[in-house]
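Take a look at the structure set out below.
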Amino acid sequence: MVDSEKGSFTLEKVSVTYGKEMAVTDVSLFIPARQVMALIGPSGCGKTTLLRCLNRMNDELGNVTVGGKIILDGVDINSPAVDPVALRTQVGQVFQKPNPFPMSIYDNITFGPRTLGIRKKGELDAIVEDTLKRAALWKEVHKNLKKHAFELSGGQQQRLCIARALATSPECLLMDEPCSALDPISTQLIEDTMEKLKNAVTIVIVTHSMQQASRVSDNTAFMLRESMEEPARLIEVSETEKLFTVPSDPRTEAYITGRFG
Ligand code: ADP
Ligand code: MG
């Protein structure tokens, strides 16, 4: 395998079934390393479902069956040899609602590295500084890293969650509508952060904002559930600029021009 591809995903005919109900079917998609891939589509079209497959968060739900193949760095992430906990240090996640742990800023960030066996204070301090800088939060908090995370604003908490996800040096970051609960200034800071992060990490972002997708992503995948009787499918994936200007599928065009959704 070529090293430059480390951090890329290949999805082959991925389907997801909750209980007996198939939510998503037949998704084949290449997610290039160190670029931003946006997942867009109307509410309920399986964006979160698909995103959760990429670090096996669906495992935690219990009644979920994932079909097809998801390959990360040449490895089928659903094979029995893959430890989902280790996978999640490689493929980090940030949710819609900021969810810092109930502890200090410092302890939030060092939690992951400590479980990986990093104990030296100097090393942990360096991780805290580096990840807070990359998440554009260092300037605001460096004077008081012992502050409880719950005392931060929502936007600061979300940037802390990004720093925490970065602390295990992931190859990929999954972001599920990371700005939808935030003010415009925090949104801007997070979008700027993503631009810088993609030098080092692959980012997959679910967003219901087409404006955000066009600002931050290199490629965009449009998903759609055409009727309640059918599972959702991937309709089109293209370079973002192309998808929003000359989409190849009439359903994509109808969606981006606001005819539904
Ligand atoms: P989106 O993120 O695009 O809004 P979701 O992935 O949340 O869509 O949902 C896709 C479909 O899967 C919906 O029909 C939803 O009801 C169903 N679904 C999502 N999560 C679960 C779950 N934990 N259990 C059962 N069905 C679910
Ligand atoms: Mg969702």
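Both counts, for ligands and for their atoms, begin at 1 and track the order of listing. All figures in this text were calculated on a predicted structure; none of them were measured in a lab.
- The ligand atoms of ligand 1 that sit less than 4.0 angstrom from a heavy atom of Leu61 are 23 (N).
- Heavy atoms of Met223 come nearer than 4.0 angstrom to ligand 1 in no pair at all.
- Between the Mg ion (ligand 2) and Gln96 there is no N/O/S contact shorter than 2.8 Å.
- At distances below 3.5 Å, not a single donor-acceptor pair connects side-chain atoms of Lys47 with backbone N or O atoms of Ile205.
- A donor-acceptor pair under 3.5 Å is absent between the side-chain atoms of Asp130 and the main chain of Ile127, judged by distance alone.
- Within ligand 1, the atoms closer than 4.0 Å to a non-hydrogen atom of Arg52 are 20 (N), numbered from 1 in the order shown.
- Taking all heavy atoms of Met22, Lys47, Glu21 into account, the minimum distance to atom 3 (O) of ligand 1 is reached by Lys47.
- The residue among Leu224, Thr48, Asn58 with a heavy atom at the shortest distance from atom 2 (O) of ligand 1 is Thr48.
- Within the 4.0 Å heavy-atom criterion, both parts of Thr49, backbone and side chain, lie near ligand 1.
- Contact analysis puts Cys45 in contact with ligand 1, with a non-hydrogen atom separation below 4.0 angstrom.
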Side chain to side chain donor-acceptor pair (under 3.5 Å) assessment of Glu236 paired with Ser238: CA-CA 7 Å; Glu236 175 166 358; Ser238 306; 3.2 Å; yes
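- The closest protein non-hydrogen atom to atom 24 (N) of ligand 1 is Tyr18 CD2, 3.5 Å.
- When every heavy atom of Pro170 is checked against every heavy atom of Gly92, the shortest pair comes out as CB-N, 4.0 Å.
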Could you go step by step and tell me if Asn58 and Arg52 meet the side chain to side chain donor-acceptor pair (under 3.5 Å) rule? CA-CA 6 Å; Asn58 286 321; Arg52 282 199 296 242; 2.9 Å; yes
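- Per-atom contact check: atom 16 (O) of ligand 1 does not touch the protein, criterion being a heavy-atom distance below 4.0 Å.
- Residues in residues 219-241 take part in these ring-ring contact (aromatic ring centres under 6.0 Å, His included) pairs, two or more places apart or across chains: Phe222-Tyr255.
- Annotation: the span from His208 atom NE2 to Cys179 atom SG amounts to 9.5 Å, rounded to 0.5 Å.
- By the 6.0 Å contact criterion, NZ on Lys97 is open, its count of non-hydrogen atoms from other residues, nucleotides or ligands being 12 or less.
- Counting heavy atoms under 4.0 Å from ligand 1, residue Gln96 does not touch it at all.
- Ligand 1 has a nitrogen or oxygen under 3.5 angstrom from a nitrogen or oxygen of Arg225.
- Here Ala23 has side-chain heavy atoms under 4.0 Å from ligand 1, and that is the only part of it that gets that close.
- Environment of CG in Leu61: crowded, with over 12 heavy atoms of neighbouring residues, nucleotides or ligands closer than 6.0 Å.
- Proximity of a side-chain donor or acceptor of Asn219 to a complementary backbone N or O of Thr240 within less than 3.5 Å is not detected.
- Considering only non-hydrogen protein atoms, atom 4 (O) of ligand 1 sits nearest to Gly44 N, 2.7 Å.
- The protein non-hydrogen atom at the shortest distance from atom 8 (O) of ligand 1 is Gly46 N, 3.2 Å.
- At a distance under 4.0 Å, a protein heavy atom can be found next to atom 19 (C) of ligand 1.
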